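Notes follow the structure.
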Protein chains: 2
Amino acid sequence: MDDETKPKGQMSAEVRRELLMTAALEVMKREGVAAASTRAICEEAGMPHGAFHYCFGSKRELFAAILRNGLDVPLEKSWILLSPSTHPEDAFRILLRGYWDDVVADPRRELVLSELTNHALRDDALRGLPAWESGLYRERIAKHLSELAERTGSEVLIPHTDLAEMILSAILGATTSWLSHGEDETARRTLDHFAGVFARFIHPREATVAADL
Amino acid sequence: MDDETKPKGQMSAEVRRELLMTAALEVMKREGVAAASTRAICEEAGMPHGAFHYCFGSKRELFAAILRNGLDVPLEKSWILLSPSTHPEDAFRILLRGYWDDVVADPRRELVLSELTNHALRDDALRGLPAWESGLYRERIAKHLSELAERTGSEVLIPHTDLAEMILSAILGATTSWLSHGEDETARRTLDHFAGVFARFIHPREATVAADL
DNA sequence: GTCTATACGTGGATAGAC
DNA sequence: GTCTATCCACGTATAGAC
């Protein structure tokens with residue numbers, strides 16, 4: 001039962017940091033980022049309040065750790081679902097629906113993501129993290145677009161990063177809007193519309209060109 | 001100079017409420033919603049702290065008043081710019097660029113809008129306001145779409161509210177993404193791409209149909 | 001390393017003087 | 001109506017006992 005060699009309820013600061021981070025996210029989802037005080041987080045983690053400050057130098061460090069860890073892995077899973085034979089028309093629909101499944105599976109998470117991003121943007125020491133994360137996602141999507149185009153022998157009509165940013169914006173916007181109005185069906189329909197739109201940016205390459213191989 | 005009949009620095013509670021609301025927005029833009037304490041707001045407005053609680057019963061009431069007042073008037077101005085002869089192709093570009101001009105004219109405002117919405121979503125007494133505002137905007141856009149279609153003798157290929165929601169999502173998403181990465185050119189390009197996309201949902205009606213009139 | 005106790009500031013809200 | 005003084009809960013962070 002005891003996978004630690006330490007005598008009592010002792011555990012490495014490393015483990016404690018993990019516990020505090022997950023506890024923090026739990027509190028944030030339940031009561032909001034503003035309510036996630038160091039006291040509330042420690043209580044959630046079952047630790048005394050004093051534990052906090054020998055795991056993290058300050059609350060800001062905890063925020064930085066959470067943001068750096070990456071909160072969501074948008075789309076990453078769903079790209080894998082695409083088989084080489086998948087039509088671009090269907091590809092984006094599968095992709096956005098996969099994303100939406102993740103959202104409805106844990107809706108509060110999206111609100112936390114927005115709150116955390118806003119929080120970071122207001123803090124000089126954290127302001128860089130949203131930009132970094134945003135760029136990371138865009139690059140990933142752009143890379144997947146290249147692979148998709150190559151696999152299906154198609155070409156993307158605009159720069160890959162442009163389409164990636166559009167996809168990111170559409171996802172983000174539909175989700176944000178849904179947080180406000182709460183209409184599941186509307187969000188689903190909006191994403192489906194966008195899927196159709198994005199597919200039109202993927203154009204099958206001429207057969208004659210393919211023959212060059 | 002004195003447009004008040006009251007003897008001293010006296011002013012109606014009505015006026016004070018207005019002053020507090022604008023002061024609150026000022027503080028929020030400068031330091032964030034979280035930093036907008038009743039004390040900070042009163043200081044900004046040049047009032048003593050005690051003034052707050054005979055203008056608003058609670059801080060929540062101030063938030064409700066601000067949210068109900070409507071923070072942004074998205075697109076509303078720009079629709080007017082469209083002349084009857086404007087091609088749908090150009091219409092959306094004019095529209096989204098007009099929106100973006102407003103954003104860059106006062107960038108902090110968008111961050112505040114996001115913060116305020118998140119705040120409201122966490123408060124049982126305020127949760128309804130974002131939904132109400134969201135629905136209002138969608139309706140307005142849908143109405144303008146109808147007018148645009150009628151004026152140009154075109155038809156919209158999907159339900160007007162569907163396209164309205166897409167426009168709203170695209171705007172919201174592009175703005176939110178821009179708040180993170182801060183790249184003005186990227187945002188502008190993204191919105192232009194979306195403008196082109198939306199135009200394809202507007203289809204000129206058959207000349208033969210128009211002849212029916 | 002671990003945790004208790006505490007320091008110190010700030011928040012929203014109110015009582016009561018003017 | 002207007003404002004001062006104050007209450008009390010809660011925030012981050014630290015000092016120091018174990």
Side-chain angles (χ1 to χ4, degrees), chain A residues 2-21 23-24 27-28 30-66 115-116 119-120 122-126, chain B residues 2-21 23-24 27-28 30-66 115-116 119-120 122-126:
Chain A
D2 193 359
D3 53 350
E4 295 285 346
T5 59
K6 304 283 180 62
K8 285 197 182 169
Q10 314 247 73
M11 50 183 82
S12 73
E14 188 66 22
V15 176
R16 287 189 112 96
R17 283 172 61 99
E18 297 289 335
L19 287 178
L20 282 172
M21 284 170 62
V27 177
M28 288 172 182
R30 203 173 51 239
E31 307 174 56
V33 168
S37 62
T38 55
R39 283 186 152 91
I41 293 168
C42 286
E43 191 174 2
E44 175 77 23
M47 293 181 203
H49 181 220
F52 189 92
H53 284 87
Y54 60 84
C55 293
F56 296 98
S58 69
K59 196 184 175 183
R60 179 182 287 130
E61 277 187 25
L62 172 69
F63 275 98
I66 290 177
E115 289 177 317
L116 268 176
H119 178 92
R122 287 291 186 186
D123 188 319
D124 288 335
L126 302 176
Chain B
D2 194 358
D3 53 351
E4 297 287 345
T5 59
K6 305 282 181 61
K8 286 199 181 169
Q10 312 250 77
M11 50 184 81
S12 73
E14 189 66 22
V15 176
R16 288 188 112 97
R17 284 172 61 98
E18 297 289 335
L19 286 178
L20 282 172
M21 284 170 61
V27 176
M28 288 172 182
R30 202 172 55 236
E31 306 173 56
V33 168
S37 62
T38 55
R39 287 187 150 88
I41 293 168
C42 287
E43 193 174 1
E44 175 78 23
M47 293 182 203
H49 182 220
F52 189 91
H53 283 87
Y54 61 83
C55 292
F56 295 98
S58 68
K59 195 183 173 182
R60 179 182 288 130
E61 277 187 25
L62 172 68
F63 275 98
I66 291 177
E115 289 177 317
L116 268 176
H119 178 92
R122 289 290 187 186
D123 188 319
D124 288 335
L126 302 176

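The figures that follow rest on heavy atoms only: side chains count, while hydrogens, waters and symmetry mates do not. Computed from a prediction, not measured in an experiment: that's the story for all the values here. Residue numbers start from 1 in every chain, and the chains themselves are labelled A, B, ... in the order their sequence lines are given, proteins ahead of strands.
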List, one per line, each side-chain donor-acceptor pair under 3.5 Å for residues 57-65 of chain B, sequence neighbours excluded.
from, atom 1, to, atom 2, distance (Å)
S58(B), OG, R60(B), N, 3.4
S58(B), OG, E61(B), N, 3.4
K59(B), NZ, A36(B), O, 3.1
R60(B), NE, D123(B), OD1, 3.2
R60(B), NE, D123(B), OD2, 2.8
R60(B), NH2, D123(B), OD2, 3.3
E61(B), OE1, G57(B), N, 3.1

I'd like to check the salt bridge (charged side-chain N to carboxylate O under 4.0 Å, His left out) partners of R17(A); sequence neighbours left out, ordered by chain and number.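 By the salt bridge (charged side-chain N to carboxylate O under 4.0 Å, His left out) rule, R17(A) matches no residue at all.
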
Could you please name the option among dG12(C), dT2(C), dT2(D) that lies closest to any side-chain atom of Y54(A)?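 The closest nucleotide is dT2(C).
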
Options dC3(D), dT14(D), dG12(C), nucleotide nearest the side-chain atoms of H53(A):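 Nucleotide nearest to H53(A)'s side chain: dT14(D).
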
Any side-chain heavy atom of R16(B) sitting closer than 4.5 Å to one from M47(B)?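 Side chain of R16(B) against side chain of M47(B), heavy atoms only: contact under 4.5 Å found.
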
Hey, could you give me each pair passing side-chain hydrogen bond (donor to acceptor under 3.5 Å, both in side chains) that has a residue in residues 37-57 of chain A? Not counting sequence neighbours.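 Pairs touching residues 37-57 of chain A that pass the test: R30(A)-E44(A), T38(A)-H49(A).
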
List the atom of [X], the atom of [Y], and the distance in Å for their closest heavy-atom pair.
| X | Y | value |
| --- | --- | --- |
| A35(A) | A40(A) | O-CB, 3.9 Å |
| C55(A) | A13(A) | SG-O, 4.4 Å |
| V27(A) | I41(A) | CG2-CA, 4.3 Å |

Could you tell me how far apart [X] ([atom1]) and [N] ([atom2]) are, to the nearest whole angstrom?
| X | N | atom1 | atom2 | answer |
| --- | --- | --- | --- | --- |
| R60(B) | dG12(C) | CZ | P | 13 Å |
| E61(A) | dT14(D) | CD | P | 11 Å |
| R17(B) | dG1(D) | CZ | P | 12 Å |
| K59(A) | dT14(D) | NZ | C1' | 17 Å |
| E14(B) | dG1(D) | CD | P | 11 Å |
| F52(A) | dA5(C) | CZ | P | 21 Å |
| F56(A) | dT14(D) | CZ | P | 16 Å |
| F63(A) | dG11(D) | CZ | P | 12 Å |

Using a strict heavy-atom distance below 4.0 Å, which residues from residues 35-50 of chain A are in contact with DNA chain C?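 Correct list: R39(A), P48(A), G50(A).
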
When the C1' atoms of the five terminal pairs at each end define the local axes, what inter-axis angle does the helix from dG1(C)-dC18(D) to dC18(C)-dG1(D) show, to 10 degrees?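 About 10°, once rounded to a multiple of 10°.
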
Rounded to the nearest 0.5 Å, what separates atom CE in M28(B) from atom CD1 in I66(B)?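 So the CE of M28(B) and the CD1 of I66(B) are separated by 4.0 Å.
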
Any R16(B) side-chain N or O less than 4.0 Å from OP1/OP2 of dC3(D):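 Answer is yes, contact under 4.0 Å.
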
